[in-house]
**Q** 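Below are the structure tokens for one structure; questions will follow.
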Amino acid sequence: MSQKEIRLRIAPSPTGSLHLGTVRTAFYNYLFVKKNKGKFILRIEDTDQQRNKDEYTKEILEGFKWLKISFDEGPYFQSERFDLYKKFTNKLLSEGKAYHCFCTQEELDELRKIQRAAKVPEKYDNRHRNLTEEQKKSFIEQGRKSVIRFKLPDNVDIKWNDEIRGSVCVNTNDLGGDPVIMRADSVPLYNFAVVVDDGDMRISHVIRGDDHLHNTAKQIPLFEALGFSVPIFGHVPLIFTHDREKLSKRKHGDIANIDKYQREGFLPDALANYLVHMSWTRPDKPEAEIFKLDEIIDLFELGRISKSSAVYDLPKLYWFDNHYIKELSVEETYNLSKHFLEKDLNLSLYSKEQLFQMIGAIQSGLNKLDEISGLIKFFFDDKFDLNTGENKNTLSTENARRILEKILSSLEIINFSDPHDCKKTIDNIGKELGLKGKDLYWPIRVALSGSNKGPDLGLIISLLGKEKVKSRIEKAIAVLV
RNA sequence: GGCCCCAUCGUCUAGCGGCCUAGGACGUCGGGCUUUCAUCCCGAAAAUCACCGGUUCGAUUCCGGUUGGGGUCACCA
């Protein structure tokens with residue numbers, strides 16, 4: 001046998017924006033492709049005209065771009081390949097491997113009702129599998145439409161060696177009866193379109209979510225019936241919520257969709273690292289959790305992907321993101337968060353250098369980039385509340401008043417151009433008044449920034465400048481009264 | 001309910017028969033460094049390796065069962 005080309009695909013459906021689980025399997029696919037010098041293909045599974053939306057397709061494409069996942073082929077759209085599905089349906093039909101089923105929805109519902117009452121598994125009973133010509137004619141004369149079903153072999157164990165789970169076996173009798181592969185309006189159904197495409201595109205490895213395990217058992221006979229070679233499968237564990245159920249677009253849209261992470265300013269490298277590391281550790285040094293995708297390509301093995309589902313944990317994601325944010329230069333951080341800053345703040349108030357100083361002072365505390373505005377907002381306006389409990393407590397002491405008044409009268413001797421000088425002046429004032437530490441700094445902090453925590457005080461004073469320091473301290477003193 | 005999958009600290013995991021009185025990371029708590037917060041550094045608590053039987057001189061590691069959790073059972077994908 002000649003060496004088969006390594007070809008993998010990711011096949012999202014535009015019935016929603018890009019799902020976190022899809023992204024994770026995409027990363028695993030990507031890693032495997034790169035390691036084996038294969039081709040990566042993007043296919044959009046848009047056969048469900050009811051639920052598809054163009055904007056989702058756009059979001060999916062943009063999502064992959066943002067994540068720096070690129071494809072060698074595609075995107076292919078299933079909606080543009082209906083002729084192909086039709087052709088293969090006819091092939092199966094002519095070979096007697098598929099048949100017309102004239103059942104109405106009502107008949108199917110009735111069947112299910114009976115099965116449920118009898119407490120037997122609900123499945124199609126293949127009743128139209130061997131219709132006579134007369135019966136068919138009669139149905140057609142009644143004006144009934146027909147779908148096309150695939151003849152699933154009876155009572156056969158479908159076995160495959162899963163790259164992640166090991167050997168898996170499902171009996172065809174537990175697959176729900178002969179599956180519909182094409183509707184009366186010639187729209188192909190998922191399990192059929194997938195097999196036609198995977199076969200036609202010569203996909204060598206199908207790495208997909210665990211929830212497809214039974215679909216795989218359904219699809220293998222289809223590959224064989226169609227005359228395609230069966231790809232190698234690998235089923236990656238699902239992502240769970242803390243409630244231990246699978247992360248779904250509908251129920252957990254707030255965390256399941258990738259655009260959230262894009263919008264809130266997570267770094268793609270952090271997301272990739274977190275998602276991959278969730279179920280995979282490097283073999284050379286498992287304790288090394290921080291890695292970029294490109295660093296682990298050679299180390300990657302599907303077999304090291306954990307079999308059990310992993311619970312999504314935001315704090316851990318934050319830790320990864322914080323790590324990568326700290327690796328950024330101030331300028332990179334500025335560029336990446338510029339749209340947040342421009343939206344929330346009047347940037348013209350400060351020079352770029354001053355902005356860089358602000359960012360440099362708070363960068364190491366960021367879990368995600370959109371937190372940045374909130375942390376430096378006080379530089380831009382004094383709309384913070386001095387009357388809240390903690391602020392009020394800090395300001396309403398006799399010492400606070402002495403400090404603030406002293407600063408007001410010392411405005412002329414402060415060298416605002418240098419943070420260190422600013423700090424030194426404050427310390428000198430402290431010495432004069434016999435105050436230091438919190439007693440000295442907190443009232444000033446609160447008066448200038450509305451909080452007793454934040455960046456270096458000297459930096460705050462320096463960047464704020466004489467006028468703002470003056471007005472804010474006056475305002476604070478007024479509150480004391 | 002049928003079928004299938006899974007099972008180590010709260011969470012993610014290392015472990016592939018003796019190195020394990022189970023290691024790392026996040027989180028939590030305590031301490032140090034800082035005027036404060038964050039970062040950083042140090043330390044602690046945290047898993048009778050779900051349970052019960054085997055196999056073995058020896059099981060977290062192998063086998064079987066039980067329990068628990070999950071997935072899936074469409075003319076959705």
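Note on naming: letters A, B, ... go to the chains in the order of the sequence lines (proteins, then strands), and numbering restarts at 1 for each one.
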**Q** Can you tell me the pairing partner of B:A38 across any strand shown, Watson-Crick or G-U wobble, with both distances under 3.5 angstrom?
**A** none
**Q** State which residue, out of A:Y28, A:Y274, A:F300, fulfils the ring-ring contact (aromatic ring centres under 6.0 Å, His included) condition with A:W280.
**A** A:F300
**Q** Is the count of non-hydrogen atoms from other residues, nucleotides or ligands lying under 6.0 Å from A:K260 atom NZ greater than 12?
**A** yes
**Q** Establish, with yes or no, whether the OP1 or OP2 oxygen of B:A74 is under 4.0 angstrom from a side-chain nitrogen or oxygen of A:R112.
**A** yes
**Q** Can you give me the N/O atom pairs linking the protein to nucleotides 14-23 of chain B at distances under 3.5 Å, or say none if there are none?
**A**
residue	atom	partner	partner atom	Å
B:G15	OP1	A:R304	NH1	3.2

**Q** Of all the choices, B:A77, B:G2, B:G24, which nucleotide is nearest to the side chain of A:D174 once you look at every atom?
**A** B:G2
**Q** Could you say whether A:T15 or A:C169 is positioned toward the 5' end of RNA chain B, judged by the nucleotide with the nearest heavy atom to each?
**A** A:C169
**Q** Between B:G17 and B:C3, how far apart are the two C1' atoms, rounded to whole Å?
**A** 34 Å
**Q** Take atom C1' in B:U61 and the same atom in B:A44, then report the distance between them in whole Å.
**A** 29 Å
**Q** Can you tell me if A:K406 has over 12 outside heavy atoms packed within less than 6.0 Å of its NZ?
**A** no
**Q** I want to check a possible cation-pi pair here: A:R149 against A:Y124, using under 6.0 Å from ring centre and within 45° of the ring axis as the test.
**A** yes
**Q** Looking at A:H420, I want to see if its NE2 is surrounded by more than 12 non-hydrogen atoms of other residues, nucleotides or ligands under 6.0 Å.
**A** no
**Q** More than 12 non-hydrogen atoms from neighbouring residues, nucleotides or ligands closer than 6.0 Å to CG on A:D284, yes or no?
**A** yes
**Q** Looking only at side-chain atoms of A:S364, point me to the closest of B:U35, B:U39, B:A77.
**A** B:U39
**Q** Given the C1' atoms of B:C6 and B:A46, what is the spacing between them in whole Å?
**A** 24 Å
**Q** Examine B:C76: is either OP1 or OP2 under 4.0 Å from a nitrogen or oxygen in the side chain of A:R183? Give yes or no.
**A** yes
**Q** Any side-chain donor paired with an acceptor under 3.5 Å for A:E122 and A:Q115?
**A** no
**Q** With a cut-off of less than 4.0 Å, is there a side-chain N or O of A:K123 near OP1 or OP2 of B:A74?
**A** no
**Q** On RNA chain B, nearest-nucleotide positions of A:H277 versus A:E287: which is more 5'?
**A** A:H277
**Q** Output the single nucleotide from B:A77, B:C37, B:U35 whose closest atom is nearest the side chain of A:K438.
**A** B:U35
**Q** Could you give the side-chain donor-acceptor pairs of residues 105-113 of chain A under 3.5 Å, partners two or more places apart or in another chain?
**A**
residue	atom	partner	partner atom	Å
A:E107	OE1	A:T104	N	3.0
A:E107	OE1	A:R144	NH2	2.7
A:E107	OE2	A:R144	NH2	3.0

**Q** Which nucleotide, in any strand shown, forms a Watson-Crick or G-U wobble pair with B:G10, with both distances under 3.5 Å?
**A** B:C26
**Q** What's the closest nucleotide to the side chain of A:D456 if the choices are B:C4, B:U35, B:C75?
**A** B:U35
**Q** Compare the minimum distances between each of B:U35, B:A77, B:C12 and the side chain of A:Y441, then state the nucleotide with the smallest one.
**A** B:U35
**Q** Got a donor-acceptor pair under 3.5 Å from the side chain of A:K307 to the base of B:A7?
**A** no
**Q** Is there a donor and acceptor pair closer than 3.5 Å between the side chain of A:R51 and the base of B:C76?
**A** yes
**Q** Could you tell me if A:N191 and A:Q219 have a donor-acceptor pair between their side chains, going purely by distance under 3.5 Å?
**A** yes
**Q** Tell me the partner of B:A59, counting only Watson-Crick (N1-N3 plus N6-O4 or O6-N4) or G-U wobble (N1-O2 and O6-N3) with both under 3.5 Å; none if nothing fits.
**A** none
**Q** Take nucleotides 59-72 of chain B nucleotide by nucleotide from the 5' end and write B, S or -, depending on whether a protein heavy atom sits under 4.0 Å from the base, only from the sugar-phosphate, or from neither.
**A** ----------SSBS
**Q** Tell me whether the OP1 or OP2 atom of B:C75 has a side-chain N or O from A:R149 closer than 4.0 Å.
**A** yes
**Q** Is any NZ, NE, NH1 or NH2 atom of the basic residue among A:K246 and A:D210 found under 4.0 Å from an Asp or Glu carboxylate oxygen of the other?
**A** no
